[in-house]
Protein chains: 2
Amino acid sequence: MSEGLRERKKRQTRQRISEAALGLFVARGFDRVTIAEVAAAAEVSVNTLYNYFEAKEDLVLPPDEASPQRLADIVRARQPGESAARAVLGRLRDELRRHERKVGLTAGFGPVFAMMRAAPTLTARLEDLGRQMTDALAAVLAEETGAAPGDRTPCVIAGQIGWFHSLVYGEIGRRIEAGEQPAAIAEALLELLDVVEETLSERALGYATREA
Amino acid sequence: MSEGLRERKKRQTRQRISEAALGLFVARGFDRVTIAEVAAAAEVSVNTLYNYFEAKEDLVLPPDEASPQRLADIVRARQPGESAARAVLGRLRDELRRHERKVGLTAGFGPVFAMMRAAPTLTARLEDLGRQMTDALAAVLAEETGAAPGDRTPCVIAGQIGWFHSLVYGEIGRRIEAGEQPAAIAEALLELLDVVEETLSERALGYATREA
DNA sequence: GCAAAAAATGGCATGCGCTGCAAACATACA
DNA sequence: TGTATGTTTGCAGCGCATGCCATTTTTTGC
């Protein structure tokens, strides 16, 4: 038996809590739902809920869908001849063109974005995630380019990449919330990425180009 | 009488609360001081304290020292022949060279930064302020360049400027907190700004150049 | 000057997020 | 079955934040 009864029950309980919370949050807003209500909806006590989730905000953010390694992974997986910035730009364009669920380009995500924008603590979480992503990316860039320890160029480049990455996500959230159609959003965001690429320097766009 | 007794007392009370709060916060940490303690130290009731400040975080951030219009003002005041990005870069370099209090380059600011970094709600405030600054800057850029309504270039340029602006401030906070000397910090930050300028494109650096 | 209006203040009560603690319960293992 | 381990639960409590109401102080109009 690879998984005992106890662990299975724990997973079920955790998911039950998470689903109940998300349902209540999108229906009535993050602030207008108390922890006690979530616990009651999940048929658990408040203490049990806090055994599974450290804080109320943790009930919302799925830790597996948004990894702090996202940018670092994209850059690590880039093609020969491709730079770090272009790899991220390309990945974003791919995801936009495919309307991938990962970027939240789905009609059902509207209330979720609205809820998150209304709760400052949730947006703070997202920003912290972005910071972790750029930090990890800076480490990868420093390692792959063999930059000197005091050289801040990797941090600066990573900062620019992290900036337009979160710019795209923020724009998606705002537009989904405004009721725009995913296809229209994708098109607008692709144009925005073109503007971004035009305003980035050759130095930034070519940094850490993988040898062919 | 330009200022009645009432308004003067209000200002005094407000300042007394603010000073008491800051003193307690830097001494024992933001989280380990209760509102009741601040009120007691300022010799006011808890209710009065909430009449002056909406939330606990408001006790820390002086709304006049950090204006949402800061970036917009800098750009509006730029010299003929100077672009938006270079105006902000120049202003940052000036402030760094003069070790101005405005940028927090003072020895006594160390505990303050440490306290703010330890309290997520405070950093969230700062980030929101940064967002307001870039939004205002984008509006100024759009107006001065006469960009078409659908043109996102002003937003992108403003985003890049806002990015390195907050980069400098964040770095100051981290280094002051680490105990580095203001002079050393200023030097390091000036070098960082050089790296930033090298990695920005000519397009971004020259955007919205004021006619001579 | 004096009374009415406006504003500031303080005390009390409430709701909510969150954290301990000890007891009751369920599971795993011998 | 019995024991050890881990989980759940109710309860009490703290701190932040808000609302209500009475009291005191300041301003305003006469």
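Letters go in sequence order (proteins before strands), and every chain restarts at 1. Scope of the values below: all heavy atoms of this structure, side chains included, with no hydrogens, waters or symmetry mates.
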Spacing between [X] atom [atom1] and [N] atom [atom2], to the nearest angstrom:
X: B:Lys10; N: C:dA7; atom1: NZ; atom2: P; result: 9 Å
X: B:Glu57; N: D:dC16; atom1: CD; atom2: C1'; result: 10 Å
X: B:Glu43; N: C:dA8; atom1: CD; atom2: C1'; result: 17 Å
X: B:Arg8; N: D:dT25; atom1: CZ; atom2: P; result: 17 Å
X: B:Gln12; N: C:dA8; atom1: CD; atom2: P; result: 15 Å

Under 4.0 Å from OP1 or OP2 of [N]: is there any side-chain N or O of [X] that close?
X: A:Lys9; N: C:dT27; answer: yes
X: A:Ser45; N: D:dT9; answer: yes
X: A:Tyr52; N: D:dT7; answer: no
X: B:Tyr50; N: D:dT18; answer: no
X: B:Lys56; N: D:dA17; answer: no

(message) Regarding A:Val44, tell me which of base, sugar-phosphate or nothing describes its non-hydrogen contacts under 4.0 Å with the strands shown.
(response) sugar-phosphate
(message) Classify A:Phe53 by what it touches in the nucleic acid, base, sugar-phosphate, or nothing, heavy-atom distance under 4.0 Å.
(response) nothing
(message) Please give me the minimum heavy-atom distance between B:Phe164 and B:Ala85, naming the atom from each residue.
(response) CZ-O, 4.1 Å
(request) Please determine if A:Arg16 forms a cation-pi arrangement with A:Tyr52, meaning its NZ or CZ atom is less than 6.0 Å from the six-membered ring centre and no more than 45° off the ring axis. (result) no
(message) Within 45 degrees of the ring normal and closer than 6.0 Å to the centroid, is that where the cationic atom of A:Arg86 sits relative to A:Tyr207?
(response) no
(message) Taking the minimum atom-to-atom distance to the side chain of A:Thr13, which one of D:dT8, C:dT27, C:dC18 wins?
(response) D:dT8
(message) Among C:dC18, D:dT8, C:dT9, which nucleotide has an atom closest to any side-chain atom of B:Asn51?
(response) C:dT9
I'd like to know if the side chain of [X] and the backbone of [Y] have a donor-acceptor N/O pair within less than 3.5 Å.
X: A:Glu197; Y: A:Asp194; answer: no
X: A:Asp128; Y: A:Arg125; answer: no
X: B:Ser166; Y: B:Gly130; answer: no

(request) Taking the side chain as every heavy atom from C-beta outward, state whether B:Leu49 and B:Val44 have any pair of such atoms under 4.5 Å apart. (result) no
(request) Report yes if some heavy atom in the side chain of B:Gln69 is under 4.5 Å from a heavy atom in the side chain of B:Met133; otherwise report no. (result) no
(message) Among residues 28-40 of chain B, which ones have heavy-atom contacts with DNA chain D below 4.0 Å?
(response) B:Val33, B:Thr34, B:Ile35
Report all interatomic pairs (protein N or O, nucleotide N or O of nucleotides 20-23 of chain C) with separations under 3.5 Å.
from: C:dG20; atom 1: O6; to: A:Asn47; atom 2: ND2; distance (Å): 2.3
from: C:dC21; atom 1: N4; to: A:Asn47; atom 2: ND2; distance (Å): 3.3

(request) Sort out for me which residue in A:Glu191, A:Glu171, A:Glu198 forms a salt bridge (Lys or Arg N to Asp or Glu O under 4.0 Å) with B:Arg152. (result) A:Glu171
